[in-house]
Amino acid sequence: MSKFYFLFIFLLFFTAGITSTAFGQNDITYIPGSSQKIEQVIGDMDFETQQQTHNLTKTRFNILDTDLGTPFDHNGKTYVLFGDIWSGNNDPIGYTTDTNPEDGVSLDFITDSISGNYKPTVVPGVDMGGFGVPCEGVSWNGNMYVYVTNSANGGSEKMTWSALAKSTDNGYSFTKLYQLPSSKFINVSVEKIKSNEFYPEPLNTDIQLMFGSGYYRNSNVYLAYQRADQIESNTRKYYAGMDATSRPVWSADVNDAVALFNQPVVGELSVVYNPYVKKWTMYYNNGKEEPYGVNARSAERAWGPWSDVFVVFNPNRDSARCNWIHKSYEYGVCDS
C-alpha cells in the first residue's frame, strides 16, 4: 500500500494547495484547521471520545501507550515502528494489511510466542532504553532493514548515534550491521527512488535517499544517498552543495555534507515525495522556538531549494493536549 504517516498516536491528513510562486519556494499552502483526527490507534480507550478503540492494543498486546509510529512496506504488509513505551522503554513493531487508512487502521503486532504480548525490539550492541528507538525501516530483497537510535547510559542520555539492523524473519529478530556517522545522521528518514541524471549512478538504479539530523532537536537536516544493493555496506554519498552548473555535488566524506536549510531544531523527521502536489514534503517537530509545533517544508528536488517553514500541527492551537496527545507535566496534569 502507499506509505502513510502517523503523527504521535493519531493518523492525520492535511490539505495542500499550489500557488503560482517561484520554482521550489513557498508553493505549498497549508489550510489552517484542515488536519483532522481519524482515530486513536493505540490503547483501549480513546482519550477524546471516551469510546473503545477498535484495535484494543492494551487488551490484545499489553500496549497502553507508545511514541512514534514510522511505517514502511515489507513483504506485502505495512510495518509500523513504535517506541518508546512509557512503562518500560520498549519498542513494539506493528503491522497491517489495511489499504484504506481513511476509515482507520487495523493494527496487529509482532508478539512473544509464550506470553502473547508484544515482543520488544532488540538489537544486540544497541542500547534500546529511553530514546533508543527504531526510527526508519526499508525492505530490500526480502529482508527487513531498520535504523535504530542508541541511548547512552541506560537511556539517561538522548540519542547518541544510530545503527542499521537487519531482520531475515520479518522483524522477529535483528542483527546489527553497522553504525551510521553520528554527527549528522542520528534520526533518519529514507525514501527509495530510481536514480536520474543528478546522481553519479547508471540511470534507473535503485537508490535510497537518506535525510538525517544530528544531536536531538538541535540539528539542521542533511542529505545522502546509497545504492539499494549496497545497503549492507557502510558507504554513501553526501550532498555537498551545488556546482557552477546548478547540479548537486556528491561526496563520500560526511564532513562535506551541507545543511539543506538553516533551522537547527530538528530531531525526528519524516520526508516523502507527495505525488499529488509533485513535491518533496518534510515534517519535523519544533519544540524549541517559533514556529512551534510540527513544522513542514516542500521542495521540487530532494536537495532543495526548500520552501519557508509552515506549521501543520500545533498541540496548543489545535486543542490536542489531553485530547489527542499526552500533556507534558511542565504544563500541568490532566491525564495519566
Side-chain angles (χ1 to χ4, degrees), residues 5 21-28 30 70 131 135-136 147 149-150 158-164 179-193 195-196 198-200 207-226 234-274 279-313:
Y5 287 87
T21 53
F23 165 85
Q25 290 294 316
N26 306 327
D27 49 3
I28 300 293
Y30 171 71
T70 303
F131 292 99
C135 63
E136 180 63 290
Y147 297 87
T149 62
N150 178 80
K158 295 183 178 180
M159 305 158 185
T160 53
W161 47 265
S162 288
L164 179 64
Q179 183 175 323
L180 274 67
S182 60
S183 61
K184 298 174 180 176
F185 292 86
I186 296 179
N187 274 285
V188 299
S189 181
V190 177
E191 278 291 292
K192 297 195 294 185
I193 66 169
S195 65
N196 54 34
F198 295 107
Y199 301 92
I207 64 174
Q208 299 177 156
L209 289 182
M210 176 182 288
F211 299 83
S213 64
Y215 186 72
Y216 189 61
R217 295 186 180 173
N218 283 275
S219 175
N220 282 313
V221 178
Y222 302 87
L223 174 66
Y225 86 86
Q226 183 180 46
N234 193 9
T235 58
R236 58 199 58 80
K237 298 290 180 64
Y238 302 94
Y239 171 68
M242 306 295 285
D243 66 16
T245 64
S246 298
R247 296 176 62 85
V249 176
W250 301 100
S251 170
D253 187 349
V254 67
N255 294 311
D256 293 334
V258 299
L260 298 183
F261 48 84
N262 184 31
Q263 192 190 11
V265 301
V266 181
E268 303 97 339
L269 72 164
S270 175
V271 188
V272 65
Y273 185 78
N274 187 321
K279 303 289 179 184
W280 288 92
T281 51
M282 179 185 301
Y283 309 89
Y284 50 95
N285 193 30
N286 178 4
K288 290 185 62 180
E289 59 189 36
E290 291 296 333
Y292 177 76
V294 178
N295 287 191
R297 295 176 185 262
S298 65
E300 187 157 334
R301 305 288 187 188
W303 47 88
W306 285 85
S307 72
D308 292 339
V309 64
F310 55 97
V311 177
V312 297
F313 181 78

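Every value quoted in this text rests on a predicted model; they were computed, and no experiment measured them.
Taking the six-membered ring wherever Trp is involved, the centroid distance between the rings of Phe185 and Tyr238 falls below 6.0 Å.
In terms of heavy-atom proximity, Ser219 sits nearest to Gly214 at OG-N, 2.7 Å. When every heavy atom of Ser251 is checked against every heavy atom of Asp256, the shortest pair comes out as OG-OD2, 2.6 Å. For the residue pair Val271 and Ser189, the shortest heavy atom distance occurs at N-OG, 2.9 Å. Of all non-hydrogen atoms in Gly304 and Ala299, the two that sit nearest each other are CA-CB, 4.0 Å.
No side-chain heavy atom of Tyr199 sits under 4.5 Å from any side-chain heavy atom of Lys237. By the 4.5 Å heavy-atom criterion applied to side chains, Met282 and Ser270 are not counted as neighbours. Inter-residue side-chain proximity for Gln263 and Trp306 is flagged as unmet; no heavy-atom pair is nearer than 4.5 Å. You'll find the side chain of Asn274 stays beyond 4.5 Å of the side chain of Lys279, heavy atoms only. Side-chain contact check for Thr160 versus Ser182: every heavy-atom pair is 4.5 Å or farther apart. With a 4.5 Å cut-off on side-chain heavy atoms, Arg236 and Pro181 count as touching. In this structure, Lys288 and Asn218 have side chains that are in contact, with non-hydrogen atoms separated by less than 4.5 Å. A heavy-atom distance below 4.5 Å is not found between the side chains of Val311 and Tyr30.
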Checking Phe310 against Val312 for the side chain to side chain contact (heavy atoms under 4.5 Å, CB included) test, could you report, in this order, the C-alpha distance in whole Å, the side-chain angles of both residues, the deciding distance, and whether it holds?
CA-CA 7 Å; Phe310 55 97; Val312 297; 3.8 Å; yes
Begin from the C-alpha positions of Asn220 and Leu260 and carry the test side chain to side chain contact (heavy atoms under 4.5 Å, CB included) through to its verdict.
CA-CA 7 Å; Asn220 282 313; Leu260 298 183; over 6 Å; no
Stepwise, does the side chain to side chain contact (heavy atoms under 4.5 Å, CB included) test hold for Val221 with Arg297?
CA-CA 12 Å; Val221 178; Arg297 295 176 185 262; over 6 Å; no
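In this structure, the separation between OG on Ser213 and OH on Tyr284 is 11.0 Å, given to the nearest 0.5 Å. Annotation: the span from Trp303 atom CH2 to Trp250 atom CH2 amounts to 6.0 Å, rounded to 0.5 Å. Remark: Ser183 OG to Trp161 CH2 distance equals 14.5 Å, nearest 0.5 Å. The line from CG of Asn196 to CZ of Arg301 is 6.5 Å long, rounded to the nearest 0.5 Å. Distance check, rounded to the nearest 0.5 Å: OG of Ser162 to CD of Glu136 gives 11.0 Å. Remark: Phe313 CZ to Asn295 CG distance equals 12.5 Å, nearest 0.5 Å.
Between the side chain of Ser307 and the main chain of Ser298, a donor-acceptor pair closer than 3.5 Å is present. A distance-only check finds a donor-acceptor pair linking the side chain of Asn286 to the backbone of Pro291 [under 3.5 Å]. Looking at Thr281, its side chain does come within 3.5 Å of a backbone N or O of Val272 through a donor-acceptor pair.
Under the side-chain contact (heavy atoms from CB on, under 4.5 Å) criterion, Asn255 pairs with Asp253, sequence neighbours left out.
Ring-plane geometry between Phe211 and Trp280 is classed as tilted, the angle between the planes lying from 30 to 60 degrees on a 0 to 90 degree scale.
Among pairs with a residue in residues 259-270, those fulfilling salt bridge (Lys or Arg N to Asp or Glu O under 4.0 Å) read Arg217-Glu268, at least two apart in sequence or across chains.
Screening Thr149, Asn187, Ile186 against Tyr216 for a side-chain contact (heavy atoms from CB on, under 4.5 Å) leaves a single residue, Asn187.
By the 6.0 Å contact criterion, OH on Tyr215 is open, its count of non-hydrogen atoms from other residues, nucleotides or ligands being 12 or less.
For the pair Lys184 and Tyr222, the distance from NZ or CZ to the six-membered ring centre is under 6.0 Å and the angle to the ring normal is within 45 degrees.
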